[in-house]
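See structure below.
Both backbone and side-chain heavy atoms feed into the values below; hydrogens, waters and symmetry mates do not. Keep in mind the model is a prediction, meaning the values are calculated, not measured.
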Amino acid sequence: MRYPARVAALLAAAITVGVGCSSSIAGNPQPGLTPVNIAALKTGAYTPEPSEFDPSVSLPNDVHLIEARRMLGYLVHPADIDSDLSIAAEVRLFGNAEAPFNYSILPEKYRPAMVDNNLLAGVYVSHINENLRNRKKLIVSVLRFATETIATKAADELDRASYLDDAGRHTIAIEGHPDARASSNNDITAVSFIARGPFVVLTNTGVPQPDQSALSRVIRTTVDQQLTLLDQLKPTPWDDVLDAPFDLDSIMRRALPKAPDYSDPFWSYDDFGTYSPSGALHFERNPVEVAKAFEEAGVDLVGRRAGVVYRTRDLPAAFRLQSALVIAGKNDEVLDPPPGLPDVRCLRLDSSDLVRSFDGLCAIVYGRYVAVVVSKAPLTARIDHALNQRAAAQYAILAKSE
C-alpha cells in the first residue's frame, strides 16, 4: 500500500524508534510537512511572492462594504436554527440600496423602501436542505440604516410592500415579538421584518407543507438568535471605518491575489477582506462540518482574496482543518495533488459552488495556515493546469510569508 508522504514519514519514524530503542518516547506523533522545492514549482502567470493588499476605497459603497464584512460575523447561521439547512445557496454583501436588486435577490416591490430610506450596508445569506421532496429554506438578512427612526420606518414600509399585488397575504403572529411584521400568502413561506436600533432583520422561511405554526416557530427562533447577536454589534461610525487595518495580522498578504488574466470563476470582489471565523463560515460549502473543524483547529482569523487563508492553532490543527475543507461528496472526484506538492489535497466537485461558481479546489497547508484556491475546470482538459498553478503559487506565497 502506498501512503501519502506525511503519513509515510510518520510510519518510518515509528519503525526507527521501535527497532533502535528499548524504551518508549513520551508524546504523540504529529504530522509534518513534506519538503518542497519551491523554485521548481510551476506557478504560471502568478507571482509566487506575498503581495500587499491595498483595495480601492474611492466611493461610499467601498466604505460601506468594509462594515458589511464586519457585520457578517454577527449574522445568524441558518444551520444553527435547523441543522437540515446545510447547503449555502447565497451569500451577499450590500454597500448601497441598489445592491439587493442588482443581484436580483429581493423583489422589486421592496426597492422604494430600500432607496427612500437609504440603505447603507447589509448582509444576506440563504440556506436550503438537501431533500428536494421536502424543501426547507431560510433567508436571513441584516440591513443597516442611518438611525433607529429610519430603520423602524423602513421595516414598516417593507412590510406594507409585501402585501402589494398579493390579495391572499395575511399576518402571522410571532410569539415574544409583537413588533415583528410577519406575513404569508400560502403558509408554506413567510417573510418577517423587525427593527432593532439602526438595523432591520429580514427573515424569509419556507417549510415543506402548509403550516403556519411551523413558520412562526422558525421566525421566532431566528429573530431570538439574531437580536441577541445584534446586541453585540456596535455600528462603526462611518468616519472611523477606514481606521481599521485592511490586512489584519498580514492574513491578506498571505493570500493569492486575483488572477492576472481575469480567469477567476467569480466576478465580484466584494467579499475580499478579513473575517472573524463566524463571518467566514457563511461562505463554506459544508458549514455544519466546517464549524466543528474551525473550533477544533482553533481558527481565529480568515482572509478572503482569490485564495482563502485560515489561521489555525498550529500545524497539526492545520492538517485537521485541511481534511474538513476537502470532504468529498457522493459524486465528487478526488484529484491528484499538483506536481511537487504531495501534501496538497484537491477535489473536483460534481456541482459548482453556489457562492464563487468554482468546481475545482485545492487545500494547501503551510505552518499554522491553510489556504484554499479554486478554479472552473476546462471542459475538454483532463488536467486543470490553472488550479495546479494557483496551488503552487499559493504554497510559495505562504512559505515566503514567514
Side-chain angles (χ1 to χ4, degrees), residues 46 53 55 65 68-69 72-73 75 77-79 86-95 99-100 102-105 123-128 139 251-252 254-275 277-291 293-294 299 302-310 321-322 324-329 331-333 335 344-364 370-379 384-391 393-394 397:
Y46 292 95
F53 178 65
L65 283 173
R69 289 189 280 272
L72 195 62
L75 186 65
H77 290 273
S86 59
I87 300 175
E90 191 96 49
V91 183
R92 290 295 180 185
L93 305 168
F94 307 145
N102 293 340
Y103 293 134
S104 299
I105 286 175
V123 289
Y124 172 107
V125 297
S126 172
H127 276 219
I128 56 176
I139 294 169
I251 192 76
M252 299 296 288
R254 289 178 161 86
L256 186 74
K258 59 187 179 182
D261 59 357
Y262 301 97
S263 61
D264 294 309
F266 47 89
W267 58 270
S268 173
Y269 308 134
D270 289 354
D271 65 318
F272 281 26
T274 58
Y275 292 84
S278 180
L281 187 61
H282 285 291
F283 296 102
E284 297 298 334
R285 295 180 304 113
N286 304 303
V288 175
E289 293 85 354
V290 175
F294 273 12
V299 174
V302 179
R304 289 183 64 85
R305 212 169 172 180
V308 183
V309 176
Y310 309 79
L321 177 61
Q322 180 195 43
L325 294 172
V326 292
I327 293 175
N331 297 314
D332 297 340
E333 178 186 1
L335 302 178
V344 172
R345 299 176 63 181
C346 303
L347 282 181
R348 172 74 60 230
L349 303 179
D350 178 60
S351 300
S352 295
D353 176 79
L354 293 171
V355 177
R356 278 194 164 184
S357 302
F358 62 84
D359 58 11
L361 75 152
C362 289
I364 302 107
V370 181
V372 170
V373 295
V374 302
S375 75
K376 188 73 174 177
L379 294 177
D384 189 342
H385 293 290
L387 181 61
N388 287 345
Q389 290 169 358
R390 288 172 185 175
Q394 179 64 82
I397 290 168

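- Every salt bridge (charged side-chain N to carboxylate O under 4.0 Å, His left out) that Glu90 has, sequence neighbours left out, goes to Arg92.
- The aromatic rings of Tyr269 and Phe266 lie perpendicular to each other, with more than 60° between the two planes, well past the 30° mark.
- Using a 4.5 Å cut-off on side-chain heavy atoms (C-beta onward), Leu361 and Arg356 make no contact.
- Taking 4.5 Å as the limit, every side-chain heavy atom of Asp353 sits out of range of all side-chain heavy atoms of Val374.
- Contact check for Leu387 versus Val373: side-chain heavy atoms found under the 4.5 Å cut-off.
- Taking the side chain to side chain contact (heavy atoms under 4.5 Å, CB included) definition, one finds that Ser268 meets it with Tyr103, Asp270, sequence neighbours left out.
- Remark: Tyr46 pairs with no residue by the ring pair (Phe, Tyr, Trp, His ring centres under 6.0 Å) rule, at least two apart or across chains.
- When atom types are taken as modelled, the side chain of Arg69 and the backbone of Phe272 share a donor-acceptor pair closer than 3.5 angstrom.
- Remark: Asn331 engages no residue in a side chain to side chain donor-acceptor pair (under 3.5 Å) (not counting sequence neighbours).
- Glu289 CD to Leu325 CG: the interatomic distance, rounded to the nearest 0.5 Å, is 11.0 Å.
- Partners of Arg304 under the salt bridge (charged side-chain N to carboxylate O under 4.0 Å, His left out) rule, at least two apart in sequence or in another chain, are Asp271.
- Taking CG from Asp332 and CG from Leu347, the interatomic distance works out to 6.0 Å, rounded to the nearest 0.5 Å.
- Taking every heavy atom of both residues into account, Leu256 and Ala393 meet most closely at CD1-CB, 3.8 Å.
- With sequence neighbours excluded, the residues satisfying salt bridge (charged side-chain N to carboxylate O under 4.0 Å, His left out) with Asp264 are Arg390.
- Judged as a side chain to side chain contact (heavy atoms under 4.5 Å, CB included), and not counting sequence neighbours, the contacts of Ala88 are His127.
- Across all non-hydrogen atoms, the minimal contact from Ile139 to Ser126 is CG1-OG, 3.6 Å.
- Shown here are the ring pair (Phe, Tyr, Trp, His ring centres under 6.0 Å) partners of His282, two or more places apart in sequence or in another chain: His77.
- Partners of Ile87 under the side chain to side chain contact (heavy atoms under 4.5 Å, CB included) rule, at least two apart in sequence or in another chain, are Ile128, Glu130, Leu354.
- Side-chain contact between Leu349 and Phe358 is present, with heavy atoms from C-beta onward closer than 4.5 Å.
- The minimum heavy-atom distance between Ser278 and Gly73, with the atom names listed, is OG-O, 3.4 Å.
- For the salt bridge (charged side-chain N to carboxylate O under 4.0 Å, His left out) test, residues two or more places apart in sequence or in another chain that qualify with Arg348 are Asp359, Asp384.
- Under the ring pair (Phe, Tyr, Trp, His ring centres under 6.0 Å) criterion, Phe283 pairs with Tyr275, not counting sequence neighbours.
- When every heavy atom of Pro277 is checked against every heavy atom of Phe294, the shortest pair comes out as O-CE2, 3.6 Å.
- Under the rule for a side chain to side chain donor-acceptor pair (under 3.5 Å), the partners of Glu284 that lie at least two apart in sequence or sit in another chain are Tyr310.
- Distance alone, capped at 3.5 Å, places no donor-acceptor pair between the Arg345 side chain and the Ala363 backbone.
- Of all heavy-atom pairs spanning Pro287 and Leu281, the tightest one is O-CD1, 3.6 Å.
- Pro257 and Ile397 make their closest contact through CD-CD1, 4.2 Å (heavy atoms, listed as atom of the first residue, atom of the second, distance).
- Side chains of Gln394 and Val344 form no contact here, defined as non-hydrogen atoms less than 4.5 Å apart.
- Here the OH atom belonging to Tyr124 is positioned 13.0 Å from the CG atom belonging to Leu93, to the nearest 0.5 angstrom.
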